[in-house]
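Some notes on the structure that comes next.
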Amino acid sequence: MLDIVSETHDKIKSMEIRGALNIAIAAAESLAVVAAEASGNNQAVQTAINEAGEKLRLARPTAVSLPNTIDYVQYLAKQNLDQDERPYRGQLIKSIASFISEQKSTLPQISEIGARLIEDGDTVLTHCNSQTAIDIIIKAHQNGTQLKAFCTETRPRHQGYLTAGQLKEAGVDVTLTIDSAVNLSLKEHEIDKVFVGADAVLVTGDLINKIGTSQVSLAAKAQGVDFYVGAESIKFSPQSVAGQVIPIEERDRAEVTDQLPPEINIYNPSFDVTDHRNITAIITEVGVIPPQAAYTILKEKYGWELK
Ligand code: RUB
């Protein structure tokens with residue numbers, strides 16, 4: 001196994017590389033190196049891609065951008081195996097490169113579309129550290145829209161600190177609050193819209209995202225606040241069409257506290273499921289869709305896998 005594969009696996013697992021889109025791009029980049037450097041004939045390259053993919057797949061279980069990327073690259077490696085070695089490898093490397101640049105291009109597309117949903121005078125709230133949600137807010141700010149942003153601290157790993165820093169650096173008027181103050185913040189600060197990212201969008205339109213997202217959605221619904229999800233199509237789950245359940249990652253107790261004796265149980269789930277009925281719309285690179293239309297994106301983007 002090439003070093004890059006083990007390194008990428010370890011960086012995703014330890015969350016040095018995190019956020020669903022970043023994870024997908026990092027996995028594809030290391031599989032491109034495997035395609036270029038694996039020794040042997042086409043079958044050997046395909047085997048190396050399959051083995052590397054299976055190693056990377058284990059890094060984190062919930063963000064479907066990771067298995068989607070691996071499945072797609074493994075599908076590419078299966079094509080044209082009967083070609084001569086140079087064109088086979090060349091085509092594979094080119095196809096992985098174009099997949100990576102397509103993924104990179106989705107962020108500006110979504111921020112452009114999402115920014116149009118923010119109006120002058122709006123106060124918006126985001127949870128965790130989603131580059132997609134952050135870029136929507138920053139794009140609206142760059143467009144000259146007068147806005148204020150709130151972001152949650154996001155216990156236990158405080159990814160909200162990163163969000164606050166990124167928004168501040170972009171010149172956005174940002175306030176950080178504790179997770180348990182979301183309901184009060186929505187009311188007291190007259191928050192108009194919530195923007196969050198996605199680790200998985202299911203065929204039902206339900207969303208899996210950082211723990212606490214579902215509580216934010218419930219509070220938003222109770223107070224009539226619009227709740228938007230920024231999600232590239234790489235985060236839609238074709239497995240959910242077949243009824244497969246996405247595992248919710250549980251992380252180490254030490255993330256929550258190392259102050260308590262081991263006989264005190266700790267439950268530290270990293271993600272939760274937001275009901276599609278609490279979602280106003282999902283902003284994708286192909287437009288804004290109601291959550292109930294998730295299957296349309298899945299059919300369009302994952303025809304190769306759904307067959
Ligand atoms: C990150 C998280 C983000 C999504 C989307 O969780 O839940 O909202 O991954 O991120 P973690 P992005 O910190 O555990 O990886 O929009 O950047 O793809």
Side-chain angles (χ1 to χ4, degrees), residues 8-29 56 59-69 100 102-115 124-139 149 151-167 170 179 182 194-202 206-217 227-237 246-252 254-256 268-274 279 282-285:
T8 306
H9 167 277
D10 293 353
K11 282 184 184 169
I12 294 173
K13 196 175 168 69
S14 67
M15 292 176 64
E16 188 177 333
I17 298 174
R18 46 154 301 283
L21 187 65
N22 284 338
I23 289 173
I25 291 170
E29 283 171 346
L56 289 167
R60 284 191 85 186
T62 304
V64 299
S65 52
L66 181 61
N68 280 349
T69 297
I100 293 169
E102 198 186 311
Q103 295 316 315
K104 288 184 175 165
S105 72
T106 55
L107 255 187
Q109 288 166 337
I110 292 183
S111 47
E112 184 80 47
I113 298 169
V124 300
L125 179 137
T126 189
H127 180 59
C128 191
N129 180 250
S130 155
Q131 202 54 54
T132 316
I134 290 169
D135 282 9
I136 289 171
I137 297 167
I138 291 179
K139 182 68 185 165
C151 64
T152 56
E153 190 178 31
T154 319
R155 282 276 296 151
R157 292 184 67 106
H158 304 116
Q159 288 97 324
Y161 296 177
L162 299 170
T163 301
Q166 283 178 269
L167 290 172
D179 300 349
V182 165
V194 173
F195 289 86
V196 296
D199 283 90
V201 177
L202 310 186
D206 290 352
L207 163 74
I208 300 184
N209 193 52
K210 178 53 53 188
I211 190 72
T213 303
S214 68
Q215 280 172 209
V216 177
S217 82
F227 184 95
Y228 292 103
V229 180
E232 298 78 358
S233 56
I234 193 72
K235 298 168 181 171
F236 283 63
S237 167
I246 294 172
I248 299 287
E249 178 181 14
E250 258 190 72
R251 295 189 66 90
D252 200 277
E255 283 186 349
V256 179
N268 181 22
S270 202
F271 301 96
D272 65 17
V273 185
T274 295
I279 297 172
I282 304 176
I283 309 155
T284 76
E285 72 272 22

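Note that these values count all heavy atoms, side chains included, but never hydrogens, waters or copies made by symmetry. Order of appearance sets the numbers: ligands from 1, and atoms from 1 within every ligand. Residue numbers run from 1 in the order of the sequence given.
- Only the side chain of Cys128 comes within contact range of ligand 1, with a heavy atom under 4.0 Å; no backbone atom does.
- His127 places no side-chain N or O within donor-acceptor distance of the main-chain N or O of Gly197, the cut-off being under 3.5 Å.
- When all heavy atoms of Val196 and Ser130 are compared, the pair lying nearest together is C-OG, 4.4 Å.
- On a distance-only criterion, Ala133 and ligand 1 share no N/O pair closer than 3.5 Å.
- At a heavy-atom cutoff of 4.0 Å, ligand 1 is contacted by no atom of His127, backbone or side chain.
- For atom 1 (C) of ligand 1, the closest non-hydrogen atom on the protein side is Arg18 NH2, 3.5 Å.
- Atom 4 (C) of ligand 1 has as its closest protein heavy atom Asp199 OD1, 3.2 Å.
- No side-chain heavy atom of Glu102 sits under 4.5 Å from any side-chain heavy atom of Ser233.
- Neither the backbone nor the side chain of Glu232 has any atom closer than 4.0 Å to an atom of ligand 1 (non-hydrogen atoms only).
- Remark: the backbone N or O of Asp252 is paired with a side-chain donor or acceptor of Asn268 at under 3.5 angstrom.
- Looking from atom 6 (O) of ligand 1 to the surrounding protein, the closest heavy atom is Lys210 CE, 3.3 Å.
- On a distance-only criterion, Ala20 and ligand 1 share at least one N/O pair closer than 3.5 Å.
- Polar contact check, Gly197 against ligand 1: no nitrogen or oxygen pair lies under 3.5 Å apart.
- Residues Gln131 and Leu107 form a side-chain contact, since some pair of their non-hydrogen atoms from C-beta on lies under 4.5 Å apart.
- Remark: distances from the non-hydrogen atoms of Arg157 to ligand 1 are all 4.0 Å or more.
- Residue Gln131 has at least one nitrogen or oxygen atom sitting less than 3.5 Å from a nitrogen or oxygen atom of ligand 1, judged on distance alone.
- Taking a cutoff of 4.0 Å between a charged side-chain nitrogen and a carboxylate oxygen, Glu249 and Arg251 qualify as a salt bridge.
- Formation of a donor-acceptor pair under 3.5 Å by the Arg155 side chain with backbone atoms of Val256 is found in this model.
- Within the structure, ligand 1 has Ala198 among the residues with a heavy atom less than 4.0 angstrom away.
- Of the protein's heavy atoms, Asn209 OD1, 2.7 Å lies nearest to atom 8 (O) of ligand 1.
- By the criterion of a heavy-atom distance under 4.0 Å, the side chain of Gln159, and not its backbone, is placed next to ligand 1.
- Using 4.0 Å as the threshold, Glu249 has no heavy atom nearer than that to any atom of ligand 1.
- At least one donor-acceptor pair closer than 3.5 Å links the side chain of Lys210 to the backbone N or O of Ser270.
- Near Leu21, with a cut-off below 4.0 Å to any heavy atom, the atoms of ligand 1 are 18 (O).
- A donor-acceptor pair shorter than 3.5 Å cannot be found between the side chains of Asp272 and Gln215.
- Of all the heavy atoms of Arg60, the ones lying under 4.0 Å from any atom of ligand 1 belong exclusively to the side chain.
- The main-chain N or O of Ala26 is never found under 3.5 Å from a side-chain atom of Thr8 such that the two would form a donor-acceptor pair.
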